[in-house]
Amino acid sequence: MRKIQFILLATVAAMALTTMAQQMPVYLNADAPIEQRIEDALARMTLDEKIAVIHAQSKFSSPGVKRLGMPDFWTDDGPHGVRPDVLWDEWEQAGQTNDSCVAFPALTCLAATWNPMLAQLYGRSLGEEARYRGKDMILGPGVNINRTPLNGRNFEYMGEDPLLASRMVVPYVQGLQSTGTAACVKHFCLNNDEEYRHQVNVIVSDRAMREIYLPAFEAAVKQGHTWGIMGSYNLYKDQHCCQNQYTLNQILKGDWQYDGVVVSDWGGTHDTEQAVINGLDMEFGSWTDGLAWGADNAYDAYHMALPYKQMIQEGKLSTRELDEKVRRVLRLFFRTTMNDNRTRGFLCSEAHYDAALKIAQEGIVLLQNKQGVLPIDLNHTKRVLVVGENAIKMMTVGGGSSSLKAQHEILPLDGLKTRLAQAGIEVDYARGYVGDTTGNYNGVTTGQTLVDNRPASELIAEAVAKAKGADYVVIFGGLNKSDYQDAEGHDRKSMALPYGQDALVEALARVNKHVVFVNISGNPSALPWRDKVPAIVQGWFIGSEAGTALASVLVGDVNPSGKLPYTWPNSLNDVGAHALNTYPGIWRDGHKIIDEEYAEGIYVGYRWADKHKTRPAFAFGHGLSYTTFALSNLRLDKSQVNADGTITATITVKNTGKRTGAEVIQLYVSDQNSVVDMPVKELRGFQKVTLQPGESRDVSITIGGRAFQYWDEQHNGWTTSIGKRTMLIGNASDHLPLKATFTVTPE
């Protein structure tokens, strides 16, 4: 009997397992095509479950579908490191002890490397940290164009040129997403100043939009295959860009066939119906409910929460748009939280610090080096004076949403002291100036005590007295991440250096011939004393390994190879947005909206400088080295190219100096026969090459496609410009000694 009972029980169990297998949701089968799993899961979801997944449930998370085994989805700020965890419903820190991170260099520094391979390393390293921390999406990278040096958020972006930004964002996204962490490229689009970002309505030509402000986003979508895009706060054509028919539906999802999610910037959603109809997929918010302070059932009050559900139930909106949004969210889930093959990740590993150091070293730009003052002569130097608050101030805390809680941050003074001590060189320090001494952001504090109440005259006098007996004076100045400097939410008020630094530099230059100014910033500043200081270095915000990286370049352990990703103007009068007096715009509707016309059109950065023949302080693509390079023997593989073809330029590059070094070969094209107004030249290709002393190498760059095209506003599409071109090759936009001509012919 027991045997029979056992057989019966086994049979029943087998039948039950068979039934369960037959009923097993397809979305749980990782081998099934994603689109099949999406449709299966969508068919099983209730209206409440669908509404839930398209809006936040906390500051940085949205719910999964627990009934179907889909976990919650966690985002976090980047793009320079994984932001420390905050409380569920507040901005204050959660007080955890395991949410420190490696602080990677800001994206201006990454762009200054002109090295796409480092962008891939950056993304992968950041993704591994995100995975360890349980984050499914990093809110970055940013690729908005540097239109004005006053933009407080330029340090988070990749410069002024659409090709450079495009070439750098694609491998970043690919590296990040290779870990199973979604990128969320931001801020789409036209977020080019901060002060009135919620009110600015951008007026821009279609051509400037397509040629200057959109290409990096397009590359991130079409080549990088980013899984996330974040809408921006500003308006375009009187619609906020988180709910914009033109940018989201027509361009992103229509023209570019984007299959990922559109995420709102925090609090960037303003109307339920517009959000639903105009392309938003996931709504997140800045305040307790994204709309106001302290409401009950906060997240249910989001525009795409209960208000959306109610409009569906009342028949004011159909479920067609909802299902499309949920499909995109489910696709995101299957790429991230439901992906069993994701990496487990690492936190603060040696490899990540090595990556941060390498990126920082390659991004540092030697702007000026008269009489070869740098590198510091270790054999004939006894005493170096370091001056400036930025030598001792932590820069990983503050600046807005990219603020971090770094496991460690090596300060410039400490890095230089450590390296020079190895050579037996004494390092002294003088404060020189006092800036922002607060040192905290959203509950993360630097722990530094930087208060110094001495008057500026006394600080300068102390520095001058010490400088008289020093072999070198290294000033660490520039900006910081305080409001109205390099910080989210505000723009700078001028290009001038803050805190009386100009007077300090002038005084030191009068008493010492070996003054080195290291500019810590994400933006260019006016340098009225530039001709009086032999050496100037652009040091960026470079994160955890800042001091080590800067010291290695200053003493020559590393040969600088960074190139500026933007034009460094002498003054705001040399910038189109300011020369035409269109920034920050004109208020209307009782100061509710500010219209900002991009009247300079496509003439941004070096394009403006070329057109108006202004000579910048430092040109786009400029960056010096401790060695020298010779570029020669330009040859083209053809003299004529079809409109749909490509042409390859090859040059010989030789390291003619005594140090190993890297040079960035830059290829620009001048269109001489276009039927529309064209820039004097435009960057169309580049390649970085490292050479030993005396080594020569052929470098080839191939261009085609968009390199021959412009946006035809009359026909609303890309059109090939037929006719003669001049190719210009060199190592900066103002140093292009090699030239050749070719012709683009009809297909």
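- Atom OH of Tyr132 sits in a sparse spot, with 12 or fewer heavy atoms from other residues, nucleotides or ligands closer than 6.0 Å.
- Aromatic ring orientation, Trp711 versus Trp718: perpendicular (interplanar angle above 60°, classes split at 30° and 60°).
- The shortest non-hydrogen separation linking Met168 to Pro116 is SD-N, 3.8 Å.
- Between Pro149 and Pro524 the shortest heavy-atom distance is CB-CG, 3.7 Å.
- Inspection of the Asn523 and Asp486 side chains reveals an N or O donor paired with an N or O acceptor under 3.5 Å.
- We find that Glu321 and Lys325 are not joined by a salt bridge, their nearest charged nitrogen and carboxylate oxygen being 4.0 Å or further apart.
- The aromatic ring centroids of Tyr598 and Tyr213 lie less than 6.0 Å from each other.
- For the side-chain contact (heavy atoms from CB on, under 4.5 Å) test, residues two or more places apart in sequence or in another chain that qualify with Thr720 are Ala643, Phe708, Gln709, Ile722, Val744.
- Between the side chain of Glu160 and the main chain of Tyr606, a donor-acceptor pair closer than 3.5 Å is present.
- Of the possible polar contacts, one joining the Glu713 side chain to the Arg207 backbone as a donor-acceptor pair under 3.5 Å is found.
- Checked against the 6.0 Å centroid threshold, Trp266 and Phe60 count as a close aromatic pair.
- The shortest distance between side-chain heavy atoms of Phe686 and Leu164 falls below 4.5 Å.
- Residue Lys638 qualifies as enclosed at atom NZ: its count of foreign heavy atoms under 6.0 Å is above 12.
- Side chains of Ser670 and Thr726: no donor on one and acceptor on the other come within 3.5 Å.
- Judged by distance alone, the side chain of Asp712 and the main-chain N or O of Thr719 form no donor-acceptor pair under 3.5 Å.
- With contacts defined as side-chain heavy-atom distances shorter than 4.5 Å, the pair Val669/Leu728 does not qualify.
- Rounding to the nearest 0.5 Å gives a distance of 12.5 Å between OG of Ser544 and NE2 of His80.
- Salt-bridge annotation for Lys358 and Glu545: absent, with no side-chain N of the basic residue lying under 4.0 Å from a carboxylate O of the acidic one.
- Ion pairing of Glu596 with Arg147 is present here, as a side-chain N (NZ or NE/NH1/NH2) and a carboxylate O approach within less than 4.0 Å.
- The closest donor-acceptor contact from the side chain of Asn234 to the backbone of Asn192 lies at 3.5 Å or more, if one exists at all.
- Under the 4.5 Å side-chain criterion, counting only non-hydrogen atoms from C-beta, Thr646 is not in contact with Val641.
- Distance check: Ile277 CD1 to Leu248 CG gives 13.0 Å after rounding to the nearest 0.5 Å.
- Shortest non-hydrogen contact noted between Val664 and Ser561 is CG2-O, 4.3 Å.
- Between Arg684 and Glu682 there is a salt bridge, with a side-chain nitrogen of the basic residue lying less than 4.0 Å from a carboxylate oxygen of the acidic one.
- With contacts defined as side-chain heavy-atom distances shorter than 4.5 Å, the pair Cys109/Phe541 does not qualify.
- Aromatic ring centroids of Phe188 and Phe217 lie under 6.0 Å apart.
- A side-chain donor-acceptor contact under 3.5 Å links Tyr258 to the backbone of Ile229.
- Taking the side chain as every heavy atom from C-beta outward, Leu736 and Lys681 approach each other to under 4.5 Å.
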*Evaluate salt bridge (Lys or Arg N to Asp or Glu O under 4.0 Å) for Lys563 paired with Glu663, printing each intermediate quantity in order.*
CA-CA 9 Å; Lys563 302 284 186 177; Glu663 183 62 289; 2.8 Å; yes
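- No donor-acceptor distance shorter than 3.5 angstrom exists from the side chain of Lys611 to the backbone of Tyr603, with no hydrogens or angles considered.
- Within the structure, the side chain to side chain donor-acceptor pair (under 3.5 Å) test picks out the following pairs touching residues 104-118 (sequence neighbours left out): Asn115-Glu362.
- A salt bridge links Glu218 with Arg706; the closest basic N to acidic carboxylate O contact falls under 4.0 Å.
- Rounding to the nearest 0.5 Å gives a distance of 9.0 Å between NE2 of His187 and SG of Cys242.
- Counting only heavy atoms from C-beta outward, the side chains of Arg153 and Arg197 approach each other to under 4.5 Å.
- At distances below 3.5 Å, at least one donor-acceptor pair connects side-chain atoms of Glu283 with backbone N or O atoms of Met304.
- In this structure, the side chains of Thr743 and Ser639 stay at 4.5 Å or more apart for every pair of heavy atoms.
- Checking each of Pro565, Ser166, Pro141 against Met158 for a side chain to side chain contact (heavy atoms under 4.5 Å, CB included) leaves exactly one that passes, namely Pro141.
- Ring centroid separation for the pair Phe620 and Tyr566 does not come in under the 6.0 Å cut-off.
- For the 3.5 Å distance criterion, the side chains of Tyr122 and Gln120 fail to qualify, holding no donor opposite an acceptor.
- The shortest non-hydrogen separation linking Ser401 to Lys186 is OG-NZ, 4.5 Å.
- Looking only at distances, a side-chain donor or acceptor of Ser264 sits under 3.5 Å from a matching main-chain atom of Phe284.
- At least one donor-acceptor pair closer than 3.5 Å links the side chain of Gln177 to the backbone N or O of Trp227.
- The local environment of NZ in Lys222 is crowded, with over 12 non-hydrogen atoms from other residues, nucleotides or ligands closer than 6.0 Å.
- Pairs passing the side chain to side chain donor-acceptor pair (under 3.5 Å) check and including a residue from residues 133-146, sequence neighbours excluded, read Asp85-Arg133, Asp85-Lys135, Asp136-Arg342, Asn144-Tyr157, Asn146-Asn154.
- Side-chain atoms of Glu128 never come within 3.5 Å of backbone atoms of Phe346 as a donor-acceptor pair (strictly under, hydrogens ignored).
- Taken from CD1 in Ile251 to NZ in Lys253, the straight-line distance is 13.5 Å, to the nearest 0.5 Å.
- Taking CD1 of Ile647 as the start and OG1 of Thr702 as the end, the distance is 9.5 Å to the nearest 0.5 Å.
- Side-chain contact between Arg83 and Ser402: absent, with no pair of heavy atoms (C-beta onward) separated by less than 4.5 Å.
- Of the charged side-chain nitrogens involved, at least one lies within less than 4.0 Å of a carboxylate oxygen, so that Arg607 and Asp161 count as a salt-bridged pair.
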